Amino acid sequence: MIFHDAVDSTNRIALEMPEAPHLTVVTADSQTGGRGRMGRKYFSYGGGLYMSVILDAKKIGIPLHLCTPAAAVAVFEALRELGVSDLRIKWVNDLYRNGKKICGILTECRSDNNGISRIVVGIGINLTNPEDGFPEEIKHKAGCTDYCGDKITLATAIAKRLGELVSSTRSTVVEAYREKMAWIGEQVTVTDYADGNKKVEGTVVGITDDCFLMIDTDDGSRRILSSGEIVK
Ligand code: BTN
């Protein structure tokens, strides 16, 4: 585990470590250029944990696209073990607590001549509330874990569980993910990134064995979404 106080992005640093062994972890107390999904910036203040876990593609037993769901399960289970309750996974890569986002995950890859060689799973967790509050644009949806323990204990527990899950099986990951999902049976709107950001409205049924989202739409059909964002 490599510790930093402040960096631009732990994912950027981890992606530039092609020789780092499987399960090397880069952590920071804050980030000035935290990267979020869809090119967004990730607010990375001093009250959070920012970490990137480097995975060696040769050592992964599950399909590579399940590394992000595996990370969501690992964060959920590590936090729960350390006493944080009321967690849910919001498909596909966010953790919520009491209806507020407390964790985001961004997975990036590095390739060589033989294809994908390294997978960097970046995890940002809001541990306590920022002294000056969350920025205006996210304050309606951002929450925190209220975890006041040691950050390294938490980072270690997450990396250890992620290591176990990526060497397990597809069904282990998918089953563990399924039982932790938010909004099963509830009405939602989903932005379908694979279909020009079209909105899909319907009821959340669950996930397929590829961790794709199943929605029963209001017109009676079932839709399977491979990538997107749920809006409640
Ligand atoms: C999202 O919710 O959009 C994903 C956010 C992922 C943020 C983490 S923080 C650690 C790692 N380093 C980064 O620059 N981003 C990820």
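Here the structure is a predicted model, which means the values were calculated and not measured. Order of listing sets the numbers, starting from 1, for every ligand and every atom in it.
- When each of Q31, R35, H4 is tested with T10 by the rule side-chain contact (heavy atoms from CB on, under 4.5 Å), just one qualifies, namely Q31.
- Under a 4.0 Å N-O distance rule, the pair E77/K180 qualifies as a salt bridge.
- For atom 9 (S) of ligand 1, the nearest protein heavy atom (residue, atom name, distance) is Q31 NE2, 3.4 Å.
- Salt bridge annotation for D192-K199: absent, with no cationic side-chain nitrogen under 4.0 angstrom from a carboxylate oxygen.
- E229 has no carboxylate O lying under 4.0 Å from a charged side-chain N of K101, or vice versa, which leaves the two without a salt bridge.
- Contact annotation: M51 has at least one heavy atom less than 4.0 Å from an atom of ligand 1.
- When only interatomic distances are considered, the shortest N/O to N/O separation between S9 and ligand 1 falls below 3.5 Å.
- Taking every non-hydrogen atom of L106 and a distance limit under 4.0 Å, the qualifying atoms of ligand 1 come out as 6 (C).
- Here is the list of ligand 1 atoms found below 4.0 Å of a heavy atom in T10: 10 (C), 11 (C), 12 (N).
- Of the listed residues (E229, R35, E108), the one carrying the non-hydrogen atom nearest atom 15 (N) of ligand 1 is R35.
- Backbone and side-chain nitrogen or oxygen atoms of Y50 are examined, and none is located within less than 3.5 angstrom of a nitrogen or oxygen of ligand 1.
- Scanning the protein heavy atoms around atom 3 (O) of ligand 1, the nearest turns out to be R37 N, 2.7 Å.
- If you look at M38 next to ligand 1, there are no close heavy atoms at all, none under 4.0 Å.
- Under a 4.0 Å criterion applied to the non-hydrogen atoms of K101, ligand 1 contributes the atoms 1 (C), 2 (O).
- Here R12 has no heavy atoms under 4.0 Å from ligand 1, in either its backbone or its side chain.
- The residues R110 and E16 are annotated as not salt-bridged, no charged nitrogen and carboxylate oxygen being separated by less than 4.0 angstrom.
- Classified by interplanar angle (parallel below 30°, tilted 30° to 60°, perpendicular above 60°), the ring pair Y50/Y42 is perpendicular.
- Between I152 and L154 the shortest side-chain heavy-atom distance does not fall below 4.5 Å.
- Between N93 and ligand 1, a contact under 3.5 Å exists for no N or O pair.
- Salt-bridge annotation for D146 and R97: present, with a side-chain N of the basic residue lying under 4.0 Å from a carboxylate O of the acidic one.
- Between Y42 and ligand 1, a contact under 3.5 Å exists for no N or O pair.
- One N or O on the side chain of W91 and one on the backbone of C211 form a donor-acceptor pair closer than 3.5 Å.
- In I105, the part holding a heavy atom less than 4.0 Å from any atom of ligand 1 is the backbone.
- Taking every heavy atom of G34 and a limit of under 4.0 angstrom, the matching atoms of ligand 1 come to 14 (O).
- Using a 4.0 Å cut-off between charged nitrogen and carboxylate oxygen, D209 and R178 count as a salt-bridge pair.
- Which parts of ligand 1 touch G124 is read off a 4.0 Å heavy-atom cut-off, strictly below it: atoms 8 (C), 9 (S).
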